[in-house]
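Read the structure below first, then the notes.
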Amino acid sequence: MGNEEREQKFFDRQEAEKLLPRIEPLLVDAIAKKKKLEGVEQEFSQVRNRILLYGGIIPPFSYLSERRQEREQLTKAIRTAIESIEETGCVVKDLDLGLVDFPTLHEDEEVYLCWKLGEKRIFYWHRMDEGFAGRKPLDSATPDSDAPKPN
């Protein structure tokens with residue numbers, strides 16, 4: 001969308017849950033690519049350390065060039081996946097945990113419906129300043145019977 005501001009979208013639980021089948025594969029792909037990227041970054045770090053430790057060593061330029069291209073492709077793919085998810089109006093909060101928040105209104109306050117990869121439905125919400133640790137069941141009075149316990 002470029003630099004223009006996206007109009008804030010507010011979701012109800014049903015609207016947010018309808019997006020999960022679209023969001024989940026993008027999130028899974030981004031997480032897998034992030035793990036690969038971390039492996040590539042670790043290789044670069046090991047090569048740097050070897051050069052510093054042994055000095056004068058000739059780096060494997062061709063191999064490093066291929067890995068640099070792979071790093072760029074992975075970074076771009078991760079960015080694209082996150083942008084595709086966030087174009088729906090939700091927010092990727094933590095790629096390592098697979099956390100996605102959906103803005104909503106609760107008693108005229110802007111809060112988030114909170115979903116974690118692996119959960120079948122959206123069971124929790126939290127205030128904007130609380131984050132994952134502050135998750136509360138959507139209906140504390142009658143929590144869903146299949147809702148997992150908060151982590």
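Between K18 and E15, none of the side-chain N atoms (NZ, or NE/NH1/NH2) sits under 4.0 Å from a carboxylate O, so this pair counts as no salt bridge. Taking a cutoff of 4.0 Å between a charged side-chain nitrogen and a carboxylate oxygen, E24 and K116 do not qualify as a salt bridge.
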Identify every side-chain donor-acceptor pair in residues 74-82 under 3.5 Å, counting partners at least two apart or on other chains, and give the distances.
from, atom 1, to, atom 2, distance (Å)
T75, OG1, R71, O, 2.8
T80, OG1, K76, O, 2.9

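Shown here for W115 and L20, the closest heavy-atom pair between the two residues is CD2-CD2, 3.5 Å. The two residues C114 and H126 make their nearest non-hydrogen contact at CB-CD2, 3.5 Å. Heavy-atom minimum distance, K34 versus D96: NZ-OD1, 2.7 Å. Here the shortest heavy-atom pairing between L113 and A16 reads CD1-CB, 4.2 Å. What you find for G134 and K136 is that their closest heavy atoms are O-NZ, 2.8 Å. Listed here is the closest heavy atom pair of T88 and F11: O-CZ, 3.2 Å.
Residues forming a side-chain contact (heavy atoms from CB on, under 4.5 Å) with S45 (at least two apart in sequence, or on another chain): R48, N49. Residues passing the salt bridge (charged side-chain N to carboxylate O under 4.0 Å, His left out) test with D129: none are found, sequence neighbours excluded. For E72, the side-chain contact (heavy atoms from CB on, under 4.5 Å) partners at least two apart in sequence or on another chain are R68.
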**Study point:** Trace of the side chain to side chain contact (heavy atoms under 4.5 Å, CB included) decision for I85 with V91
**Key:** CA-CA 7 Å; I85 293 169; V91 183; over 6 Å; no

Check your understanding: What's the verdict on side chain to side chain contact (heavy atoms under 4.5 Å, CB included) for I23 and C90, showing C-alpha distance, side-chain angles and the deciding distance?
Key -> CA-CA 10 Å; I23 289 170; C90 62; 3.6 Å; yes

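Connection of W125 to M128 is not established within any shared hydrophobic cluster, with ILVMFWY side chains joined at heavy-atom distances below 4.5 Å, either directly or through further cluster members.
A ring pair (Phe, Tyr, Trp, His ring centres under 6.0 Å) check over residues 60-86, counting only residues at least two apart or in different chains, returns nothing. For residues 104-114, every residue pair satisfying the side-chain hydrogen bond (donor to acceptor under 3.5 Å, both in side chains) rule, not counting sequence neighbours, is listed here: E109-R127.
Note: E41 CD to K36 NZ = 15.0 Å, rounded to the nearest 0.5 Å. Here the CG-CG distance, from L95 to L27, works out to 6.0 Å after rounding to the nearest 0.5 Å. Note: L97 CG to F132 CZ = 6.5 Å, rounded to the nearest 0.5 Å. Taking CD of E17 as the reference point, atom CG of D12 lies at 9.5 Å (rounded to 0.5 Å).
Proximity of L105 to V111: side-chain heavy atoms (C-beta onward) are nowhere separated by under 4.5 Å. Side chains of R67 and F44 form a contact here, defined as non-hydrogen atoms less than 4.5 Å apart. Proximity of P103 to K9: side-chain heavy atoms (C-beta onward) are nowhere separated by under 4.5 Å.
Side-chain atoms of E86 come within 3.5 Å of backbone N or O of V92 as a donor-acceptor pair. For the pair R13 (side chain) and I122 (backbone), a donor-acceptor distance under 3.5 Å is present.
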